[in-house]
Structures are given as structure tokens and as C-alpha cells.
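Working notes, structure below.
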Amino acid sequence: MSSALNVIIACGGTGGHLFPGIAVAQQLRSMGHHPVLLISQKEVDAEASRKYGDLEFHTMQAIAKPPTLSPRMPGFLWKLLRSYLTCRNILRQERADVVIGMGGFTSLPPILAAHHMGLRTYVHDSNALPGKSNRMTARWCTAVMLGLKEAGKYFPGSRCIVTGTPVREELLRLPSQAEARERLGLPQDKPLILVTGGSQGARNLNTMLIEAAKADPTVHYLVIAGRQDYERVSQLADGAANISVIGFCSDMPAAYAAADGVIARSGASTLTELSVIGKATLLVPFPFAADDHQTFNARVFTATGAAVMYQQSELTSDKVHQFVHATVMNPDEREKMEAAMRAMARTDAPQAIAAAITQA
């Protein structure tokens, strides 16, 4: 299609949905199309709308489906109906041509509304084990886009397109390590490990890594604790000279560039970012993720040697130190893991998704 399209991108609720949606919007806009992002009322979405002020955002109520027999189901259905009607109004207002959801139940109301309005609809799933919401939403979609080919078997009745998962443009242009450390106020003369728990939960991971860092003074640890856990983690660090604790990082390109290695959860968006930048990584799946999908994600990466994985219940200070000193600080082992991680990357995901949407 050569004419400009009005594309609605439903991507709110978590960073794993939001930031890939922003990357798709940036790509579509560069091609002359008009993207509009549907986000939730959560703070992570509000921050993004402020940071990416050149993009257009609408907010909608984010709803999560309770268990089918839950007494909360009538309330969920009422909220779903209200969100559906809100989305119909937004689609009419924006004269939408296409709707794509980046995953989760925030995607369901706009895709359902678009389907009933006769528009083309797509959903993107970035995990190796797709969520139930995406499997449900797929029945009203023109096609399903996949971050990992392993997810295709969970959409037997759908046309699937493997696109990879998009990353934001700024992660493709990292600063030098020295510049990044200067920007973040980090030491230049020590190996540095970035610890990031993602948006789903990091309290136990933070505790373990602070204990490991205190016992490893030759290495500096940058811990992105999350706003809710910042005060507690700062108190645990107790002013240790080799630990920097921040609640939120608005400059992730610098945080990644500053690090020699990373310890992280295994959300799909995080894994995509790590593969694009090529960092030696220890993965600790969030144990309460839906259907344990973070473990499925991590296994895809460990199978190629791109990362090592420990379940949260297995992680000890000794295992952290082994990863840091035997892999990150061992040039040969680190280079092998970085190469395997980069081999997992697909840097053209925004272009692939935009092409699928605009060339249909």
C-alpha cells in the first residue's frame, strides 16, 4: 500500500509490551504513516508518553482476566465492555485502518472492536510460550506476529509471521562504555555488572544480588531496584562502595553500555534488548510469571549458549560469583557468550512488522 495508514498500536501495561510498541510506531512514522499508541493509566506508560512526546498516545483502562470461575468475572466483563466501547470511539476518531496489539489483555478490546468494524487486525507475541490472552485474541486477527518461532505451535488456526521483537531506536546506538559510566556516575576502573529485575518483580532477586555484591568488592554492581523497592535495597546496600542502587533508569542505553555483564529476569523484551546489544547474561526467571513463561524464554537462549539460567530458588552468591568471574571476567568465555547472544538478535523486527501491516 502506498497511501498513508492510520495505525492503532495497543501496547500499554508493562514495559515488555510498551517499548516494542513504541519501536513499531517510530518505524511506521518514518515510513510516512500515522501511528497512535493505546496505553494504560499505569505510571510506566505515563513516563513513556512524556519521554516520547513526539508520538501520539491515548489512554484506556487496563484490565486483566481473572480465573474463569472467579467471582471477579462479572466485573471483568463489565470493564471489558466499557473498554471495547471506548476503543470503538477511538478507532472512529482516528479513522483507523489497521490495529495491532503488542500483547496482554490491553490488546483484546481494540482488536475486538476493530474486527467488528471490518478492519485488519494483528497481535504480536514475544514469548516462547504465548500468554492465554494472546491465544484468545488471535481468533479475531488477520495474522499473528511472533518474536520467537517456538511460539508458532500455540496458534494452530492462525497465519503466523516470525518478525522478532522490536527494540527502541536508541538501543541500536549505544554510547561508549567510558561515556556511559561517566553519564551514570559509575567507576571506570572496575568490572561492572548490571542487575535489572524488570517490571514484574525483583524483591527477592534484589536481596540476593546485594548479598552477592557485598561479598565481591572487586566488582561494581549497578542495581536497578524498582521504585517500590528502592528504599529497602538502598538500606541493604548500606553504603557499600561497590554498589550503586537506583529506583528507575531513564537511560537504559547507558546502563547497558556501562555493563560488562548483566543479571536479569527473562521477559521477552529484556531478552530481545540483550541480544541486540550482545551482553553476557545470567537469567533468573520471575517464578510467578503466567504459566512460567519466563523459564520457557530463558531455555531458548540457554540452548544456544547465549546465557546461563538459574531459578530464583537455586540462585546463591557463589553462583553469581561464578558467572561474574568465570564468564564475564574471562575474555574467551565472555566473547563466546556475547557472540551467541548476538546470534539470537533480529534487528529488523520493527521493519518486518511494519511491512506485514502495510503491505497486506
Side-chain angles (χ1 to χ4, degrees), residues 4-29 31 33-65 76-126 131 133-134 136-145 147 163 165-168 199 268-269 349-350 353-354 356-358:
L5 296 175
N6 297 321
V7 182
I8 305 297
I9 305 170
C11 60
T14 71
H17 298 144
L18 175 65
F19 295 122
I22 288 172
V24 173
Q26 291 171 329
Q27 175 62 32
L28 286 167
R29 194 180 60 174
M31 297 166 64
H33 300 288
H34 176 225
V36 175
L37 296 103
L38 274 183
I39 59 174
S40 76
Q41 298 164 337
K42 292 183 178 180
E43 181 59 26
V44 62
D45 294 354
E47 286 176 350
S49 66
R50 291 190 292 267
K51 180 175 180 180
Y52 298 94
D54 55 336
L55 296 174
E56 184 177 343
F57 294 85
H58 282 289
T59 59
M60 59 175 284
Q61 186 175 24
I63 50 176
K65 180 182 176 295
F76 164 76
L77 293 175
W78 172 243
K79 291 177 182 177
L80 182 62
L81 175 61
R82 290 175 59 190
S83 293
Y84 169 86
L85 295 174
T86 297
C87 290
R88 281 186 71 98
N89 289 334
I90 292 172
L91 298 187
R92 288 197 186 101
Q93 174 186 330
E94 296 293 340
R95 298 182 179 179
D97 297 300
V98 184
V99 173
I100 177 170
M102 300 308 295
F105 271 98
T106 303
S107 296
L108 177 58
I111 284 177
L112 194 57
H115 173 76
H116 289 155
M117 294 168 68
L119 305 179
R120 288 187 293 113
T121 54
Y122 302 87
V123 67
H124 181 275
D125 197 295
S126 53
S133 59
N134 281 358
M136 177 191 301
T137 301
R139 70 185 68 180
W140 296 291
C141 288
T142 307
V144 176
M145 301 184 192
T163 62
T165 295
V167 299
R168 294 162 283 170
S199 60
S269 185
I353 291 173
I357 290 172
T358 60

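In this structure, Ile111 and Cys141 approach most closely via the heavy-atom pair CG2-SG, 3.8 Å. The minimum heavy-atom distance linking Ala349 with Pro166 is given by the pair CB-N, 3.6 Å. The nearest pair of heavy atoms linking Leu80 to Pro109 is CD1-CG, 3.7 Å. Considering every non-hydrogen atom in both Phe57 and Tyr52, the closest pair reads CE1-O, 3.3 Å. Closest non-hydrogen pair, Asn134 versus Gly103, comes out as OD1-CA, 3.3 Å. Closest heavy-atom contact between Pro20 and Thr165: CG-CG2, 4.0 Å.
Taking CD1 of Ile39 as the reference point, atom OG of Ser49 lies at 4.5 Å (rounded to 0.5 Å). Interatomic distance, Asp125 CG to Ser133 OG, rounded to the nearest 0.5 Å: 8.0 Å. Distance CD/Gln93 to OG1/Thr86: 11.0 Å, rounded to 0.5 Å. Separation of atoms CD (Glu56) and NE2 (His34) is listed at 4.0 Å; rounding is to 0.5 Å. For the atom pair His124 NE2 and Cys11 SG, the distance stands at 12.5 Å (nearest 0.5 Å). The line from CG of Leu112 to OG of Ser83 is 11.0 Å long, rounded to the nearest 0.5 Å.
Side-chain atoms of Asp97 never come within 3.5 Å of backbone atoms of Leu5 as a donor-acceptor pair (strictly under, hydrogens ignored). The closest donor-acceptor contact from the side chain of Thr142 to the backbone of Thr121 lies under 3.5 Å. Between the side chain of Arg29 and the backbone N or O of Pro35, no donor-acceptor pair lies under 3.5 Å. Between the side chain of Arg139 and the backbone N or O of Met136 there is at least one donor-acceptor pair closer than 3.5 Å.
The shortest side-chain heavy-atom distance between Leu108 and Trp140 falls under the 4.5 Å cut-off. Looking at heavy atoms from C-beta onward, Ser269 lies out of side-chain contact with Ser126 at the 4.5 angstrom threshold. In this structure, the side chains of Gln26 and Pro350 stay at 4.5 Å or more apart for every pair of heavy atoms. With a 4.5 Å cut-off on side-chain heavy atoms, Leu91 and Ile8 count as touching. Between Met145 and Ile357 there is a side-chain heavy-atom pair separated by less than 4.5 Å.
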Practice prompt. Start with the C-alpha distance between Gln27 and Ile353, add both sets of side-chain angles, then the distance that settles side chain to side chain contact (heavy atoms under 4.5 Å, CB included), and finish with yes or no.
Written response: CA-CA 9 Å; Gln27 175 62 32; Ile353 291 173; over 6 Å; no

Practice prompt. Show your reasoning for whether side chain to side chain contact (heavy atoms under 4.5 Å, CB included) applies to Ile9 and Leu28.
Written response: CA-CA 11 Å; Ile9 305 170; Leu28 286 167; 4.0 Å; yes

Worksheet item: Given the rule in the side chain to side chain contact (heavy atoms under 4.5 Å, CB included) test, do Leu85 and Arg82 qualify, once you have shown the distances and angles that lead to the verdict?
Response: CA-CA 5 Å; Leu85 295 174; Arg82 290 175 59 190; 5.9 Å; no

Discussion item. Working note: Thr106 + His17, criterion side chain to side chain contact (heavy atoms under 4.5 Å, CB included); need CA distance, chi angles, decisive distance, verdict.
Written reply: CA-CA 9 Å; Thr106 303; His17 298 144; over 6 Å; no

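Counting heavy-atom neighbours within 6.0 Å of Arg95 CZ, excluding the residue itself, gives a total of 12 or less.
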